[in-house]
Participant: 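Below are the structure tokens for one structure; questions will follow.
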Amino acid sequence: MKAAVRRSGTRLRDHLAASDPGLLRLTAGLRTVGAIALTLAVLAPTGADLTHLVAGAMTSMVATFAIRERKREAQAVTLAMGLPVALVSVSLGALLSERVVVGDVFSVVLIFCAVYGRRFGDRGLTLGLIGFQMYFVSLFVGATPGRLPALWAVITVGFACSALVRFAVVPVTPAGLLARLRQAFRVRLARLVSAQIALLDAGPDEADKALEEVRERTARLHETALMIQSRLEEGTPDEPTARLVQRRIADAEIAAERLGLLLLSARSAQRADTLTLHLPGAPAPEAGRLPGPEEATAQLRRDLRALRALILRTGTAGAGVAQVRNRLLGYRDEENLPAASAPVRDVFRGIGEAARAVMGLRIALDGPQDESDDSPATARSREELDAEDAAIDAEEAEEAEEPKGLRRPTTRAAVQVSVGSTLAIVGGELLSTDRWYWAVLTCWIVFINTASTGEILVKGYRRLLGTVFGVAAGILLAGLVGGNTVLAFALVLVLIFAMFYTAPLSYTLMSFFVTAMLGLLYTLLHTYSWEVLVLRVEETALGAVCGVVAAALVLPVRTDWRTNELLVTVLERLSDVTEAAVTQLSGGPADELLDKARELDQALGDLRSATKPLTHPVTPLRARRTTARYVVALLETCAYHARSLAATAELLPTHPSIAADPRLRGAAGRTVRNIRTIAARVADDEVTDPVETGPSIASLLADDDASRYGRITGRVLRHLERLDEAVVGLARPLDVPVKTPEP
């Protein structure tokens with residue numbers, strides 16, 4: 001019975017870790033709800049009226065979600081600075097509530113300062129957010145000068161309760177968060193292997209669905225890897241440890257993605273196109289059962305399951321685990337491969353490389369392991385990992401120069417949101433002199449974390465959609481609650497938790513829960529009516545329209561400008577990674593390949609987010625949506641091969657099967673030139689230089705004496721060839737001419 005309970009608990013933890021890496025959403029929801037509940041528990045016995053209870057709840061919510069710093073000391077300082085900002089903001093809101101013109105002008109100034117504060121980092125953003133939100137809290141509860149002393153006390157209690165919950169009740173340390181993210185990576189890695197097993201067993205009618213599951217889980221694994229990389233500096237004791245974990249995470253991710261490609265190739269009649277794994281909706285290659293004897297397929301299925309178990313196992317390995325690990329690592333040696341067709345033997349090699357990456361990940365995360373049961377293959381893999389660990393060194397990255405003046409994103413956004421808010425104030429006052437701030441609030445919110453007109457349009461649409469459905473939910477909940485104050489506050493807490501838990505997943509859902517919660521708050525304040533909820537929809541629509549108009553007419557950043565700018569950045573990062581990796585593989589000096597690969601991943605993530613307006617299901621530009629999805633998929637394919645080249649190049653000093661070959665620099669030079677040509681073309685339409693094609697990279701090396709330079713693995717050549725093909729493939733959708741050499 002206890003074993004069953006333990007297994008159930010483990011499955012639940014794994015499910016939470018996979019669905020919410022680092023438990024970031026769960027923590028945000030629990031912190032906010034805990035802070036509000038504690039505030040209400042402190043204020044209720046003092047005889048505070050409903051208005052003050054609502055003000056206290058909203059204050060603790062703002063004080064909790066506004067904090068952006070990662071280090072606890074910085075969070076404490078920002079929270080302490082936020083209290084006087086909140087007090088001043090609420091006081092000005094109360095004093096200016098009867099002075100319409102002056103109050104409206106101050107609102108615009110406050111909005112400008114709040115958005116411009118992003119220039120000063122997380123603290124500037126947080127203080128601007130607190131000042132803005134608390135000003136509107138004062139308008140929401142109808143604060144007046146005579147009620148300010150009591151309101152100041154309520155706000156102080158809200159901040160104190162928020163601090164207590166943050167630092168004592170639901171504490172999060174950088175090291176603890178990183179540990180949970182690493183566990184999430186393990187679980188998502190195991191789930192990717194599960195999807196690969198399903199792809200192995202899928203029939204012809206199920207192959208597309210199984211491939212889509214592999215794509216989705218590969219993307220989720222990559223997402224978790226990026227989250228870990230962003231937390232390494234705060235969560236590890238020193239720079240070498242951070243780089244070691246980063247290296248092992250990257251190795252495991254690349255090995256798992258490569259295993260999926262090898263499995264896909266083994267199922268198809270010919271080697272699968274790498275793009276198939278990255279282009280959403282692309283059909284799976286025509287496939288039957290794996291070629292070769294059925295015994296090899298059964299063994300492959302068994303070994304994939306063993307690999308999954310090896311990934312999930314933590315702590316000291318027992319004899320059974322050591323035996324499985326030794327068998328899988330043995331596939332790295334040719335003599336241990338089973339009798340099967342060449343593509344299936346490649347899959348077994350991929351399992352061996354994945355097992356090696358898992359062992360490296362285990363050592364990096366769990367510390368030294370028991371080596372008493374090591375086979376010769378395992379001992380050799382362990383020696384390679386030790387040599388790689390000793391070779392890790394750290395260097396500081398260069399900082400990019402930031403734009404100035406109105407070209408600075410924070411300045412431009414501040415001007416845009418100020419103009420949009422001015423329009424929203426005028427229109428909102430015409431709709432309602434009491435609820436005009438809803439339009440301003442919507443206008444301001446649609447500018448947060450957006451950088452182009454298209455992103456603002458999509459965000460405004462999602463907020464309006466969530467608001468409409470939230471109004472319907474608010475009507476139902478108001479009827480359910482009636483005059484029951486305790487039930488209303490309990491439902492408010494549930495909706496707030498749902499709001500913060502779903503915020504990173506769906507802006508529409510978050511808006512839905514916000515609107516439903518407001519319906520309950522107005523019920524508590526005895527200001528609820530059907531007209532009020534309809535007015536919220538009208539004000540929300542007005543605010544969204546004002547935001548889009550301001551973004552389109554004032555210092556506009558068109559979506560295609562934004563995506564082109566980010567596309568150039570991705571191509572530049574791709575060029576840097578490829579050139580540095582090839583240089584190192586050619587015998588040149590070592591470079592910070594891991595840092596360059598991470599910068600490429602971050603740039604590609606920014607581009608993926610910026611293209612969402614182009615790939616949104618409701619976009620009328622179907623051709624542009626298809627092109628955008630195809631270009632991003634090609635870039636993801638390029639990034640995968642570039643990361644793999646970088647990982648192989650870093651093995652060069654310690655791996656006996658990889659030797660430097662000066663011929664690579666010349667053979668891969670065409671690929672690097674093509675990447676830069678495409679980047680120049682995207683940045684400037686006047687550039688007419690063509691992309692060059694020619695003989696395959698393998699053929700460029702075939703005529704030379706390979707034994708003179710040592711062995712270049714087939715993996716390096718495959719990655720270079722696939723990268724070269726993908727880069728040429730980018731030319732057509734980006735209207736870059738392609739030059740084919742004369743015979």
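Computation of the quantities below employed the complete heavy-atom set of this structure, encompassing side-chain atoms and omitting hydrogens, waters and symmetry-equivalent molecules.
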Participant: According to the interplanar angle, ranging from 0 to 90°, do the rings of Phe500 and Phe65 count as parallel (below 30°), tilted (30 to 60°) or perpendicular (above 60°)?
Facilitator: tilted
Participant: Less than 4.0 angstrom from a charged side-chain N to a carboxylate O is my criterion; do Asp606 and Arg562 meet it?
Facilitator: no
Participant: Provide the closest heavy-atom pair for Ile130 versus Gly82 in the form atom of the first, atom of the second, distance.
Facilitator: CG2-O, 3.7 Å
Participant: Using a 3.5 Å distance criterion without hydrogens, assess whether the side chain of Ser89 forms a donor-acceptor pair with backbone atoms of Gly131.
Facilitator: yes
Participant: For the residue pair Phe120 and Tyr116, categorise the inter-ring angle as parallel (less than 30°), tilted (30 to 60°) or perpendicular (more than 60°).
Facilitator: perpendicular
Participant: Can a donor-acceptor pair be found between the side chains of Ser162 and Thr64 at a distance below 3.5 Å?
Facilitator: yes
Participant: Do side-chain atoms of Ser432 reach the backbone of Gly428 as a donor and acceptor pair under 3.5 angstrom?
Facilitator: no
Participant: Using 30° and 60° as the class boundaries, would you call the ring planes of Trp436 and Phe136 parallel, tilted or perpendicular?
Facilitator: perpendicular
Participant: Under 4.5 Å between any side-chain heavy atoms of Trp438 and Leu542, yes or no?
Facilitator: no
Participant: Could you tell me whether the side chain of Phe489 reaches within less than 4.5 Å of the side chain of Leu520, counting heavy atoms only?
Facilitator: no
Participant: Once rounded to the nearest 0.5 Å, what's the spacing between atom CE of Met517 and atom OG1 of Thr515?
Facilitator: 8.5 Å
Participant: Just so I know, are the side chains of Leu476 and Leu480 near enough to count as touching, which here means a heavy-atom distance under 4.5 Å?
Facilitator: no
Participant: Under a 3.5 Å distance rule, please check whether Arg68 uses its side chain to pair with a backbone N or O of Arg123 as donor and acceptor.
Facilitator: no
Participant: Looking only at heavy atoms, which two atoms of Gly22 and Ala184 are closest? And how far apart?
Facilitator: N-CB, 4.2 Å
Participant: Please lay out, stage by stage, how Thr508 and Tyr461 fare under the test side-chain contact (heavy atoms from CB on, under 4.5 Å).
Facilitator: CA-CA 9 Å; Thr508 302; Tyr461 154 78; 6.0 Å; no
Participant: Checking Phe513 against Val494 for the side-chain contact (heavy atoms from CB on, under 4.5 Å) test, could you report, in this order, the C-alpha distance in whole Å, the side-chain angles of both residues, the deciding distance, and whether it holds?
Facilitator: CA-CA 9 Å; Phe513 289 121; Val494 171; over 6 Å; no
Participant: For the backbone of Asp735 and the side chain of Arg681, can you confirm whether one donor and one acceptor N or O come within less than 3.5 Å of each other?
Facilitator: yes
Participant: Could you report the tightest heavy-atom contact between Ala516 and Leu495, atom names first, then the distance?
Facilitator: C-CD1, 3.8 Å
Participant: Got a sec, which residues hit side chain to side chain donor-acceptor pair (under 3.5 Å) with Arg166, two or more places apart in sequence or on another chain?
Facilitator: Gln75
Participant: With rounding to the nearest 0.5 Å, note down the distance linking CG in Leu110 to CG in Leu96.
Facilitator: 10.5 Å
Participant: To the closest 0.5 Å, what do you measure between CG (Leu491) and CD1 (Ile496)?
Facilitator: 11.0 Å
Participant: Check whether any side-chain N or O of Arg231 sits under 3.5 Å from a backbone N or O of Met227 as a donor-acceptor pair, and report yes or no.
Facilitator: no
Participant: Where is the tightest heavy-atom contact between Val568 and Ala679, given as atom of each residue plus distance?
Facilitator: CG2-O, 3.8 Å
Participant: Is the NZ or CZ atom of Arg462 both under 6.0 Å from the centre of the six-membered ring of Tyr507 and within 45° of that ring's axis?
Facilitator: no
Participant: Please test Val417 against Phe112 for side-chain contact (heavy atoms from CB on, under 4.5 Å), starting from the C-alpha separation and ending with a verdict.
Facilitator: CA-CA 7 Å; Val417 74; Phe112 178 89; 6.0 Å; no
Participant: Would you confirm whether Ser506, through its side chain, and Thr502, through its main-chain N or O, come within 3.5 Å as a donor-acceptor pair?
Facilitator: no
Participant: If we count only N and O atoms by modelled type, under 3.5 Å, do the side chains of Thr540 and Arg463 hold a donor and an acceptor together?
Facilitator: no
Participant: Roughly how far, to the nearest 0.5 Å, is the CG atom of Leu634 from the CG atom of Leu730?
Facilitator: 5.0 Å
Participant: For a 4.5 angstrom cut-off between non-hydrogen side-chain atoms, does Val471 reach Val534?
Facilitator: no
Participant: Do Arg573 side-chain atoms and Leu600 backbone N/O form a donor-acceptor pair below 3.5 Å?
Facilitator: no
Participant: Looking only at non-hydrogen atoms, find the nearest pair between Leu181 and Thr224 and report the distance.
Facilitator: O-CG2, 3.8 Å
Participant: Test salt bridge (Lys or Arg N to Asp or Glu O under 4.0 Å) on Asp49 and Arg147; report intermediate values, then the result.
Facilitator: CA-CA 12 Å; Asp49 58 24; Arg147 304 179 67 182; 3.5 Å; yes
Participant: List the steps, then state whether side-chain contact (heavy atoms from CB on, under 4.5 Å) holds for Ile67 with Asp122.
Facilitator: CA-CA 8 Å; Ile67 302 297; Asp122 289 337; over 6 Å; no
Participant: Are any non-hydrogen side-chain atoms of Leu567 and Leu734 less than 4.5 angstrom apart?
Facilitator: yes
Participant: Is there side-chain contact between Ile425 and Tyr437, with at least one heavy-atom pair below 4.5 Å?
Facilitator: no
Participant: Using modelled atom types only, decide if a donor and an acceptor are shared between the side chain of Arg188 and the backbone of Arg220 within a distance under 3.5 Å.
Facilitator: yes
Participant: Measure from the side-chain N and O atoms of Thr32 to the backbone N and O of Ala28, and report whether any donor-acceptor pair falls under 3.5 Å.
Facilitator: yes
Participant: Indicate yes or no: at least one non-hydrogen side-chain atom of Phe132 is less than 4.5 angstrom from one of Leu441.
Facilitator: yes
Participant: Salt bridge or not between Arg215 and Glu212? Use side-chain N to carboxylate O under 4.0 Å.
Facilitator: yes
Participant: Does Val172 have any side-chain contact (heavy atoms from CB on, under 4.5 Å) partners at least two apart in sequence or in another chain, and if so, which?
Facilitator: Thr27, Arg31, Leu177, Arg180
Participant: Could you tell me whether a side-chain N or O of Asn564 sits under 3.5 Å from a main-chain N or O of Val682, the two making a donor and an acceptor?
Facilitator: no
Participant: Output the distance between atom CG (Leu604) and atom CG (Leu566), rounded to the nearest 0.5 Å.
Facilitator: 10.5 Å
Participant: With rounding to the nearest 0.5 angstrom, report the CE to CG distance, Met58 to Leu53.
Facilitator: 13.0 Å
Participant: Name the one of Thr218, Val632, Thr637 that satisfies side chain to side chain contact (heavy atoms under 4.5 Å, CB included) with His278?
Facilitator: Thr637
Participant: Start with the C-alpha distance between Phe106 and Tyr135, add both sets of side-chain angles, then the distance that settles ring pair (Phe, Tyr, Trp, His ring centres under 6.0 Å), and finish with yes or no.
Facilitator: CA-CA 10 Å; Phe106 175 75; Tyr135 181 79; 5.3 Å; yes
Participant: Less than 4.5 Å apart, any side-chain heavy atom of Val115 and any of Arg118?
Facilitator: yes
Participant: Considering all heavy atoms of both residues, which atom of Ala94 and which atom of Thr144 are nearest to each other, and what is their separation?
Facilitator: CB-C, 3.8 Å
